[in-house]
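Inspection log for the structure reproduced underneath, given as structure tokens.
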Amino acid sequence: MKLSIIIVNFNVKYFLEQCLYSVKKAIKNIEAEVIVVDNASTDGSLPYLQAKFDRVTFIGNPKNTGFASANNQALESCKGEYVLFLNPDTILAEDTLDSCLSFIDKNPGAGGLGIRMVDGSGNFLPESKRSFPTPLTSFFKLVGLSKVFPKSKLVGKYALGYLDQRQNHEVDVLAGAFLLGRRELLLKLKGFDETFFMYGEDIDLSYRIQKEGFKNYYFSESSIIHFKGESTRKGSLNYVKMFYQAMSIFVEKHYAGGKAKLFQVILQLAIWARALVAAIAQLLVKIRLPLLDAIIIFGSFKMVNWAWIKYVRGGEGFIEEIVNVSLPGFTLVFLISATLAGIYDSRYKPIKALYAAIVATVIMLAGYSLLPEQYRFSRGVILFGGVAAIIFITFSRWVLQKNGLVKDDYETSRQNKTLIVGSAQEYEEVLQLLRNAGLEERVIGRIAINGSKEDAVGTLDKLPALLLNFHSKEVIFCTGTLSYKQVIAYIQTLPSDIELRFHAKGSESIIGSTSKDSSGEVVALEGNYAISQPYQRRMKRIVDLAVALTLLITFPVHLIFAGPASVYNALLVLVGKKTWVSYAQAKNLPVIPDGILSTTGSPFKAAALQMPGEEQVDKLYARHFDWRTDVKMILKNYRKLGGKA
């Protein structure tokens, strides 16, 4: 056998589905085997994929053994002359493996081969070719100088930015997302070192390949897509920590004496510098919009307060001490309401700002009515200040959106903005998936790929112009009639602000990822679940906390009517161990804690036998979740909060 392909999966079944469709075409002319090791996924990866790919060998692990261990597990049973370690969030071109195998066959000194990778937007990924992490190289990377001077032979050495990405090169490090090696050599080296958790095992293996007298090559004559959406965020403190730990293990293993100690000192300095930068950057990202809104809200109340005094009260001002407390208080209430409404989620939706304003205004007016007369401010200032705040916030978001500084809401922004590239049959497949997810209305039409305009709004050769004419921001590429190679080449020519999605003919999903710092987006036949949305998850937690605190504060009443266990359950919910309402039979659904009540309204029992219809009720609950559902369920089944039927 010529080739063994090993893919380790953990909860990315739709990305893996698209990957396997591309692999199927890439091995068409190769005697090959494909082995998928599933590291205890909870998204139903195994049953979903096993039914689709009968020629793929699936290994299901009862627990997550880690990337290195799972790859080594499959390596032991491989039969191919060559072994390819491949990430599940990749898409290969039809000729990728033929070209790579031809190159490595012609270069007997090659021990490992990496490939040119682009992300889900068609941008070249610098980690496709890297050098070993010497002390200075690691320092420049960790403090961010390598990004500032990527083509410098000194500062940008980590990603070898000075080497032409369109030419083959001998390099030090191969990326674990696509690492092709000789099976005998990999077995001799015992595969990946399992002491590495992430970001180091591929560097270590590349180093050991060279120590055996072989060379590592970066291969540029074919390209693959690596979505990167499922990995740790590159700007996060967690990434910095894991990268440092990986480098520390590497240094201890491969450097000795004073050089290793010097390396450790430099890494320590670099890690603190990068951690400080990352912490400041994260803080600025998190507070920039709330800070802007705070200024706008405070300014709005200040302006309305001034106008009210001048034109309504005839110049008679309010008590200064009350004003100095009230205006910052109004601002704080507005910001809390805005946060709970989801205005600071990754996608902005104008209606959320309106909800926040209404809630904040009602809360402030209610608070106003409870205050003693001598401490009351002005209902007019509260009301009109709230109206002014929402107008100015909405205007500021519009300006930020137009300048690309804030992402608009996905569903709203994509209405009548999506073009689908594919045959008529492929178009109908994608349309059905979008229809199932309630997203059909955003589709403009089909882009024909064979030159015929019949039932299409245009042809592929005119796509850039069509994007401008229709003001489209999303393109879904179908592969079937159009080859993966054509798609991978074409996406590299499109503007960077266009969001790209991919669908293999016959598959049941559409995938895409526009950033290495966030999870990918999926539309699937199985449906999208509202309970996965940050806003709904946050509101579910708020309902949990509100009900739990209410029960604990008024516990004597509930001891009688709901039973003593209701107080204990409230404590479990309060600390996040449980939620008030959860699935009756949690199967292949977004993960939430076990519940006090099931979606059917009965007390939750982990060992309960599945009753007819429960699984469907769970799916409907997850797909159409709204926090009001939990409130209604809790009120209706109040007497069962103690766990009694």
Side-chain angles (χ1 to χ4, degrees), residues 18 91 118-123 225 227 346-351 394 397-484 486-505 507 509-515 518 520-524 528:
Q18 299 298 324
I91 289 180
V118 298
D119 64 17
S121 296
N123 302 309
I225 299 174
F227 288 103
S346 59
R347 302 276 186 178
Y348 172 70
K349 198 172 185 177
I351 194 66
T394 302
R397 287 298 191 280
W398 178 80
V399 172
L400 292 173
Q401 285 175 321
K402 289 297 181 183
N403 289 278
L405 298 175
V406 172
K407 289 184 178 181
D408 48 10
D409 178 70
Y410 188 79
E411 286 81 5
T412 302
S413 68
R414 296 306 180 273
Q415 288 182 3
N416 299 324
K417 294 292 178 70
T418 301
L419 294 169
I420 300 173
V421 180
S423 67
Q425 181 183 350
E426 292 159 352
Y427 175 76
E428 288 301 324
E429 280 187 15
V430 170
L431 205 59
Q432 182 57 46
L433 289 170
L434 296 175
R435 187 179 295 120
N436 183 65
L439 303 174
E440 179 186 7
E441 73 281 355
R442 76 190 199 202
V443 176
I444 298 171
R446 181 173 72 91
I447 300 297
I449 56 180
N450 55 8
S452 172
K453 283 190 176 182
E454 186 178 353
D455 297 325
V457 297
T459 55
L460 184 57
D461 59 322
K462 304 293 184 183
L463 182 56
L466 291 168
L467 290 170
L468 290 173
N469 292 341
F470 288 115
H471 303 288
S472 175
K473 290 295 182 182
E474 180 182 62
V475 179
I476 299 176
F477 282 97
C478 303
T479 53
T481 308
L482 195 65
S483 71
Y484 286 106
Q486 289 173 305
V487 170
I488 294 171
Y490 201 88
I491 65 172
Q492 297 175 63
T493 68
L494 294 176
S496 58
D497 62 336
I498 303 299
E499 298 197 8
L500 305 177
R501 307 283 177 258
F502 305 87
H503 168 75
K505 183 178 179 180
S507 68
S509 60
I510 304 166
I511 62 168
S513 178
T514 57
S515 172
S518 61
E521 291 171 329
V522 172
V523 176
N528 297 349

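Side chains are part of it too, since the values below use all heavy atoms of this structure and drop only hydrogens, waters and symmetry mates.
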**Asked** Phe477: what forms a ring pair (Phe, Tyr, Trp, His ring centres under 6.0 Å) with it, not counting sequence neighbours?
**Response** none
Report the residues that fulfil side chain to side chain contact (heavy atoms under 4.5 Å, CB included) with [X], sequence neighbours left out, ordered by chain and then residue number.
| X | result |
| --- | --- |
| Thr481 | Ser423, Glu426, Ile449 |
| Asp497 | Lys473, Pro495 |
| Gln492 | Arg116, Val118, Arg166, Ser223, Ile488 |

**Message:** Taking side chain to side chain donor-acceptor pair (under 3.5 Å) as the definition, give me every residue that meets it alongside Asp461, ordered by chain and number, with sequence neighbours left out.
**Reply:**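 So Asp461 forms a side chain to side chain donor-acceptor pair (under 3.5 Å) with Thr459.
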**Request:** Using salt bridge (Lys or Arg N to Asp or Glu O under 4.0 Å) as the criterion, list what pairs up with Glu440, not counting sequence neighbours.
**Result:** Arg435
State, yes or no, whether a side-chain contact exists between [X] and [Y] at a heavy-atom distance under 4.5 Å.
| X | Y | result |
| --- | --- | --- |
| Leu434 | Ile510 | yes |
| Thr479 | Ile91 | no |
| Ile447 | Val457 | yes |
| Tyr427 | Val443 | yes |
| Leu494 | Leu463 | yes |

**Message:** Between Ser472 and Lys417 (side chain of the first, backbone of the second, donor and acceptor by atom type, cut-off under 3.5 Å), is there such a pair?
**Reply:** yes
**Request:** Apply the side-chain contact (heavy atoms from CB on, under 4.5 Å) test between Phe502 and each candidate in Ile225, Ile476, Val475; give the one that qualifies.
**Result:**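 Exactly one pass, corresponding to Ile225.
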**Complete:** In Asp119, Ile491, Val487, the residue satisfying side-chain contact (heavy atoms from CB on, under 4.5 Å) with Leu500 is Ile491
**Request:** Working to the nearest 0.5 Å, report the span between CD1 of Ile420 and CD of Glu474.
**Result:**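 One gets 8.5 Å once the value is rounded to the nearest 0.5 Å.
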**Item:** Test: Glu429 and Lys505 ion pair at under 4.0 Å
**Value:** no
